[in-house]
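Numbering starts at 1 and runs along the sequence shown.
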Amino acid sequence: MNAFFATMRRDVLLALRRKSEVLTAVFFFVIVVSLFPLGIGPEPALLKKIAPGVLWVTALLATLLGLPRLFASDHLDGTLEQMALSPSPLALLIAGKITAHWLLCGLPLVLLAPALGLQFDLDVRTLGILSLSLLLGTPLLSLIGAMGAALTLGVRGGGVLLALLVLPLYIPTLIFGAGAVEAQSAGLGVEGHLSLLAALLALAVFFAPWATTAALRIALE
């Protein structure tokens, strides 16, 4: 596990030296979510209705912004090849990189979402479900996105191809995440949505690092 934490710490420290890259996703999330109440108007019922979709779609797109850089710099400077030759399992190192991506791109969205949800007149319990759904869903977005980033590594126009590959795979996460918030707002049960999100996350934690590693080994050949 030392290799996992060392890789995660390295990626976090490198990203913090390039703060603009980290802040891009955060500012995108804040600005886009804030534009909707300004553009639609102060109608509480309408804002409550669109809030789950707006917050979740914007979080999904903000997470997508950082994915092209997940392996690109390590591929260019040869670090990825050194990782592949390391005695530590490559899947463990890749899991560390994915965790660092979530800490930098996903966790800030989870922390900011309740404050932004106030613009949509969401009550405290709905804001709590919003945070919980994002806490389960954003790691899933990073895990799925890492597979797409590995498959498009070194491909010309990889950013567009990455979006085309990953966005369809994000649909179940979007449906269950936004569905949980919408159900809570409507006074319905949210356990089913959150349980499915947790199940998808458990599957992705187990399979995604291995699938990403296999795709990276193909890209390195």
Colleague: Nearest 0.5 Å, what's the CG-CG distance between Leu127 and Leu132?
Modeller: 12.5 Å
Colleague: Assigning hydrophobic clusters by single linkage (Ile, Leu, Val, Met, Phe, Trp, Tyr; side-chain heavy-atom cutoff under 4.5 Å), is Leu136 placed with Ile171?
Modeller: yes
Colleague: Closest approach of Ala180 and Val190, non-hydrogen atoms and distance?
Modeller: O-CG1, 3.3 Å
Colleague: Could you work out, with side-chain contact (heavy atoms from CB on, under 4.5 Å) as the rule, every residue matching Leu169, not counting sequence neighbours?
Modeller: Ile144
Colleague: Do you know the tightest heavy-atom contact between Gly148 and Val166?
Modeller: CA-CG2, 3.9 Å
Colleague: Please report, to 0.1 Å, the donor-acceptor pairs under 3.5 Å made by any side chain of residues 33-52, with sequence neighbours excluded.
Modeller:
| unit_1 | atom_1 | unit_2 | atom_2 | d |
| --- | --- | --- | --- | --- |
| Ser34 | OG | Val30 | O | 2.7 |
| Ser34 | OG | Gln119 | NE2 | 3.4 |

Colleague: Atom OG1 in Thr126, atom CZ in Phe120: separation rounded to 0.5 Å?
Modeller: 13.5 Å
Colleague: Please lay out, stage by stage, how Tyr170 and Leu140 fare under the test side chain to side chain contact (heavy atoms under 4.5 Å, CB included).
Modeller: CA-CA 9 Å; Tyr170 278 172; Leu140 188 53; over 6 Å; no
Colleague: Hydrophobic cluster mates of Leu188, side-chain heavy atoms under 4.5 angstrom, ILVMFWY only, any path?
Modeller: none
Colleague: Return all side-chain donor-acceptor pairs below 3.5 angstrom for residues 3-10, not counting sequence neighbours, or 'none' if the list is empty.
Modeller:
| unit_1 | atom_1 | unit_2 | atom_2 | d |
| --- | --- | --- | --- | --- |
| Thr7 | OG1 | Ala3 | O | 2.8 |
| Arg10 | NH2 | Asp74 | OD1 | 2.9 |

Colleague: Tabulate below the donor-acceptor pairs under 3.5 Å that side-chain atoms of residues 204-212 make, not counting sequence neighbours, or state none.
Modeller:
| unit_1 | atom_1 | unit_2 | atom_2 | d |
| --- | --- | --- | --- | --- |
| Trp210 | NE1 | Phe206 | O | 3.4 |
| Thr212 | OG1 | Ala208 | O | 2.7 |

Colleague: Sequence neighbours left out, cut at 3.5 Å: what donor-acceptor pairs do the side chains of residues 193-203 make with other protein atoms?
Modeller:
| unit_1 | atom_1 | unit_2 | atom_2 | d |
| --- | --- | --- | --- | --- |
| Ser195 | OG | Glu191 | O | 2.7 |

Colleague: Does Ser86 have any side-chain hydrogen bond (donor to acceptor under 3.5 Å, both in side chains) partners at least two apart in sequence or in another chain, and if so, which?
Modeller: none
Colleague: Can you tell me how far CZ of Arg125 sits from CD1 of Ile129, rounded to the nearest 0.5 angstrom?
Modeller: 7.0 Å
Colleague: Just so I know, are the side chains of Leu61 and Phe29 near enough to count as touching, which here means a heavy-atom distance under 4.5 Å?
Modeller: no
Colleague: Taking Met83 as the starting point, is it possible to reach Ile218 by hopping between hydrophobic residues whose side chains are less than 4.5 Å apart?
Modeller: no
Colleague: With rounding to the nearest 0.5 angstrom, report the CG to CG distance, Leu64 to Leu162.
Modeller: 5.5 Å
Colleague: To the nearest 0.5 Å, tell me how far Leu134 CG sits from Trp56 CH2.
Modeller: 5.0 Å
Colleague: List the atom pairs, with distances to 0.1 Å, where a side-chain N or O of residues 98-112 and a protein N or O form a donor-acceptor pair under 3.5 Å, not counting sequence neighbours.
Modeller:
| unit_1 | atom_1 | unit_2 | atom_2 | d |
| --- | --- | --- | --- | --- |
| Thr99 | OG1 | Ala95 | O | 2.8 |
| His101 | ND1 | Ser142 | OG | 3.0 |
| Trp102 | NE1 | Thr138 | OG1 | 2.8 |

Colleague: Is there a side-chain contact between Leu167 and Leu60 in this structure, where contact means two heavy atoms from C-beta onward sitting under 4.5 Å apart?
Modeller: yes
Colleague: For a quick test of reading the model, state the closest non-hydrogen atom pair linking Ser88 to Leu93 and the distance between them.
Modeller: CB-CD2, 4.2 Å
Colleague: Indicate yes or no: at least one non-hydrogen side-chain atom of Leu153 is less than 4.5 angstrom from one of Leu80.
Modeller: yes
Colleague: Do Leu67 and Leu14 belong together in a cluster built from hydrophobic side chains that touch within less than 4.5 Å?
Modeller: no
Colleague: List the residues meeting side-chain hydrogen bond (donor to acceptor under 3.5 Å, both in side chains) with Thr152, not counting sequence neighbours, and say none if there are none.
Modeller: none
Colleague: Under 4.5 Å between side-chain heavy atoms, counting indirect links through other Ile/Leu/Val/Met/Phe/Trp/Tyr residues: same cluster for Phe27 and Val57 or not?
Modeller: no
Colleague: Using side-chain hydrogen bond (donor to acceptor under 3.5 Å, both in side chains) as the criterion, list what pairs up with Glu182, not counting sequence neighbours.
Modeller: none
Colleague: Take Leu55 and Leu122, measure what side chain to side chain contact (heavy atoms under 4.5 Å, CB included) needs, and give me the verdict at the end.
Modeller: CA-CA 12 Å; Leu55 286 158; Leu122 298 180; 4.2 Å; yes
Colleague: Residues in side-chain contact (heavy atoms from CB on, under 4.5 Å) with Leu65, at least two apart?
Modeller: Thr24, Phe28
Colleague: Taking side-chain hydrogen bond (donor to acceptor under 3.5 Å, both in side chains) as the definition, give me every residue that meets it alongside Arg69, ordered by chain and number, with sequence neighbours left out.
Modeller: Glu21
Colleague: Just how far is it from atom CD1 of Ile94 to atom CG of Leu143, taken to the nearest 0.5 Å?
Modeller: 12.0 Å
Colleague: Is Ser185 reaching over with its side chain to a backbone N or O of Val181, donor-acceptor style, under 3.5 angstrom?
Modeller: no
